[in-house]
*Asks:* 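I am attaching a structure below and will ask some questions about it afterwards.
Worth saying up front: this structure is predicted, and the values here are computed from it rather than measured. All ligand and atom numbering here is 1-based and tracks the order in the structure. For the single chain, residues carry numbers from 1 onward in sequence order.
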Amino acid sequence: MEMINQQTEELIEEVLYLQKSSLLRLRNTSAAERILKLKSIEKYMLDHKQELFDALFADFKKPSSEVIIAEMLGVKREIAHAKSHLSAWMKPQKVGTPLLLLGTQSHVLYEPKGLCLIIAPWNYPFNLAINPLIHAIAAGNAVIIKPSELSPNTSAFIKKMISHLFDKSEIAVFEGDASVSTYLLAQRFDHIFFTGSPAIGKIVMRAAATYLTSVTLELGGKSPAIVGPEVDLVSSVQKIAWGKFLNNGQTCIAPDFVFVHEKVAFSFMEEMEATVQKFYNTENNGIEKSKDYARIVNERHFHRIKTLVDEAISEGAKIIFGGEFNEEDCFISPTLISHCTAEMRIMQEEIFGPVLPMTTYKSETEIVDYLSGEEKPLALYVFSKDDVFTEYILTNTSSGTSVVNDCLIQFGHTELPFGGVNHSGIGKSGGKYGFIEFSNQKSVVKQNTNLLKNFYPPYTFKSKWLIEQVLRWF
Ligand code: NAD
């Protein structure tokens with residue numbers, strides 16, 4: 001970790017001062033004004049598409065098609081969704097009146113939280129900085145964004161875009177490593193939206209406790225894919241391979257390991273190998289030459305993943321295919337590993353790379369027993385044609401999100417809450433849930449009568465009788 005310089009510290013203080021002074025103006029902006037800001041982000045992103053492709057390629061050879069699918073499309077969809085619904089979200093939501101409070105009228109008012117900090121990771125560095133920003137703007141907040149130092153080209157793109165579109169008294173970007181986050185986290189914010197690892201999530205939550213700042217923690221973990229005995233194997237394998245190897249396995253909701261019913265285990269392995277060849281080796285030049293296959297972000301992560309694989313092999317796991325490593329280019333080939341056991345580190349730590357450990361099972365109770373002893377994952381995927389099997393898994397396991405017969409698609413669903421549970425995250429994002437996360441849901445009760453005066457002291461014989469009746473009848 002480098003040392004933050006004094007100039008950055010002073011700039012942060014200045015921005016915080018300016019943003020605090022803007023809060024009253026921002027909270028009074030209309031839906032139309034906020035939508036204009038969102039549109040300007042969309043326009044900039046589309047007008048500078050090639051620049052964004054270049055930045056993400058320079059960061060870790062992300063293919064431009066994956067930039068479109070997994071970085072830009074999500075931003076475009078979130079903006080479109082907010083454009084259609086923001087006026088309705090911002091309206092005071094009327095609620096019914098309980099009998100006890102007869103004569104009152106009440107509603108929920110969505111007010112901006114105020115000064116917000118967004119700390120973003122490197123794996124989808126554009127999407128995961130801008131999606132929360134969309135919700136923060138929609139809710140009327142001022143924002144500081146700290147993008148990741150591990151994707152410096154995309155972070156620079158984000159800084160350039162935000163400086164071009166917004167005054168720093170409203171939205172500002174501070175690039176840099178943990179020293180910048182640490183300095184920011186020591187300041188007083190009204191909300192912190194963090195996306196990253198559970199380990200750093202704990203640091204963020206501890207820092208937030210100083211001012212009792214609310215937090216959204218979008219974290220990671222080990223998301224299982226479960227392949228049932230009755231399954232459309234070809235299609236399931238394609239979906240698992242796509243979910244696992246997209247972005248080189250560096251996706252928070254990628255299937256991290258797979259449980260395969262022993263009846264289909266052999267066919268699963270054969271089909272997975274054939275699918276990987278079809279995806280990344282069509283010209284028979286070797287997967288390393290494929291333009292559609294990204295790289296591990298840096299050498300530290302390359303070695304971390306290699307050590308996980310080496311350890312597993314030394315403890316009895318077997319490579320079914322893959323297992324090729326090229327340090328110079330941070331290349332790891334798509335790898336399937338069998339004979340993995342619960343004690344192995346590869347089955348304990350989030351892999352975040354193109355390595356898929358598999359274990360086989362005979363009965364679905366084994367899966368439920370296994371998962372009940374682990375941290376609750378961010379995602380759980382079930383592949384089955386049998387509804388009873390699927391229902392059994394869904395009702396007996398806990399996860400932040402779940403998908404039946406596909407992978408990753410939940411992230412693009414603007415009507416569903418996205419987020420983890422306990423170790424995989426706190427709070428939700430996406431669509432209205434993102435807007436709510438950046439809002440204070442203020443309850444407003446308007447009293448139109450004075451009926452309650454009958455319950456004020458002094459407690460006479462008559463009022464005591466009345467109070468007794470309330471307990472009896474309400
Ligand atoms: P990370 O936790 O290492 O870093 C995330 C951010 O925190 C970066 O901006 C980094 O600069 C900052 N940071 C690093 N050390 C810090 C410290 N000591 N104090 C304060 N801030 C610090 O995560 P990463 O490697 O960028 O991303 C990978 C992780 O993120 C994986 O665990 C993955 O599952 C998770 N993730 C989750 C989601 C989600 O939506 N739930 C999405 C993407 C990634």
*Asks:* Below a 4.0 angstrom heavy-atom separation, can you tell me which part of E149, side chain or backbone, both or neither, approaches ligand 1?
*Replies:* side chain
*Asks:* Does any N/O atom on L378 come nearer than 3.5 Å to any N/O atom on ligand 1?
*Replies:* no
*Asks:* Do K306's NZ or CZ and the ring of F325 fall within the cation-pi criteria of under 6.0 Å and 45°?
*Replies:* yes
*Asks:* Could an N or O of ligand 1 be found under 3.5 Å from any N or O of S424, whether backbone or side chain?
*Replies:* no
*Asks:* Hey, which atoms in ligand 1 end up nearer than 4.0 Å to a heavy atom of F352?
*Replies:*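 The atoms of ligand 1 under 4.0 Å from a heavy atom of F352 are 28 (C), 31 (C), 33 (C), 34 (O).
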*Asks:* Nearest 0.5 Å, please: how far is OG1 in T154 from CH2 in W122?
*Replies:* 11.5 Å
*Asks:* When you look for heavy atoms under 4.0 Å from ligand 1, do you find them on the side chain of I253, its backbone, both, or neither?
*Replies:* neither
*Asks:* For ligand 1, find out whether one of its N or O atoms is nearer than 3.5 Å to an N or O atom of W122.
*Replies:*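 Yes, W122 has an N/O under 3.5 Å of an N/O on ligand 1.
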*Asks:* Do V204 and ligand 1 have an N or O pair less than 3.5 Å apart?
*Replies:*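 Min N/O separation from ligand 1 is not below 3.5 Å for V204.
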*Asks:* Which heavy atom of P255 sits nearest a heavy atom of Y381, and at what distance?
*Replies:*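 For P255 and Y381, the tightest heavy-atom pair comes out as N-CE1, 4.1 Å.
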*Asks:* Quick check: E350 and ligand 1, any N/O pair under 3.5 Å apart?
*Replies:*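 Looking only at distances, the answer is yes, because the N/O contact criterion of under 3.5 Å is met.
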*Asks:* Heavy-atom contact under 4.0 Å between F194 and ligand 1?
*Replies:*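 Yes.
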*Asks:* Do E66 and Y124 meet the criterion of a side-chain donor-acceptor pair at a distance under 3.5 Å?
*Replies:* no
*Asks:* Record the part of F418 in heavy-atom contact with ligand 1 below 4.0 Å; permitted values are side chain, backbone, both and neither.
*Replies:* side chain
*Asks:* Among G425, A379, S179, S181, which one puts a heavy atom closest to atom 12 (C) of ligand 1?
*Replies:* S181
*Asks:* With atoms numbered from 1 as shown, which atoms in ligand 1 lie under 4.0 angstrom from a non-hydrogen atom of A120?
*Replies:* 6 (C), 8 (C), 9 (O)
*Asks:* Any luck finding a side-chain donor-acceptor pair between E437 and H191 under 3.5 Å?
*Replies:*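 Note: E437 and H191 side chains miss the donor-acceptor criterion.
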*Asks:* If we count only N and O atoms by modelled type, under 3.5 Å, do the side chains of N405 and K239 hold a donor and an acceptor together?
*Replies:*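 No, because no side-chain N or O of N405 sits under 3.5 Å from a partner of the opposite role on K239.
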*Asks:* Check ligand 1 against N123 and write out every atom of the ligand that is under 4.0 Å from a heavy-atom position of the residue.
*Replies:*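 Close to N123: 43 (C), 44 (C).
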*Asks:* Touching ligand 1 at all, F411? Heavy atoms, strictly under 4.0 Å?
*Replies:* no
*Asks:* Would you say the side-chain atoms of Y293 and S333 include a donor-acceptor pair closer than 3.5 Å?
*Replies:* no
*Asks:* Closer than 4.0 Å to some heavy atom of S148 - which atoms of ligand 1 meet that?
*Replies:*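 In order of numbering, the contacting atoms are 9 (O).
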*Asks:* Checking side-chain polar atoms at under 3.5 Å, does H303 have a donor or acceptor matched by the opposite partner on E327?
*Replies:*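 Side chains of H303 and E327: pair found under 3.5 Å.
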*Asks:* Side chain, backbone, both or neither: which part of L185 has a heavy atom under 4.0 Å from ligand 1?
*Replies:* side chain
*Asks:* Near M269 CE, under 6.0 Å, is it more than 12 heavy atoms from other residues, nucleotides or ligands?
*Replies:* yes
*Asks:* Hey, could you give me the OG/CD1 distance between S151 and I158, rounded to the nearest 0.5 Å?
*Replies:* 7.0 Å
*Asks:* Please report whether ligand 1 has a polar contact with P198, defined as an N or O pair separated by less than 3.5 Å (distance criterion only).
*Replies:* no
*Asks:* Report yes or no: do Q6 and E10 form a side-chain donor-acceptor pair below 3.5 Å?
*Replies:*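 Their side chains do contain a donor-acceptor pair, which is all the 3.5 Å distance test asks for.
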*Asks:* Which option out of G430, A178, G176 puts a heavy atom nearest to atom 17 (C) of ligand 1?
*Replies:*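 That would be A178.
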*Asks:* Using distance alone, decide if ligand 1 has a nitrogen or oxygen within less than 3.5 Å of any nitrogen or oxygen in T195.
*Replies:* no
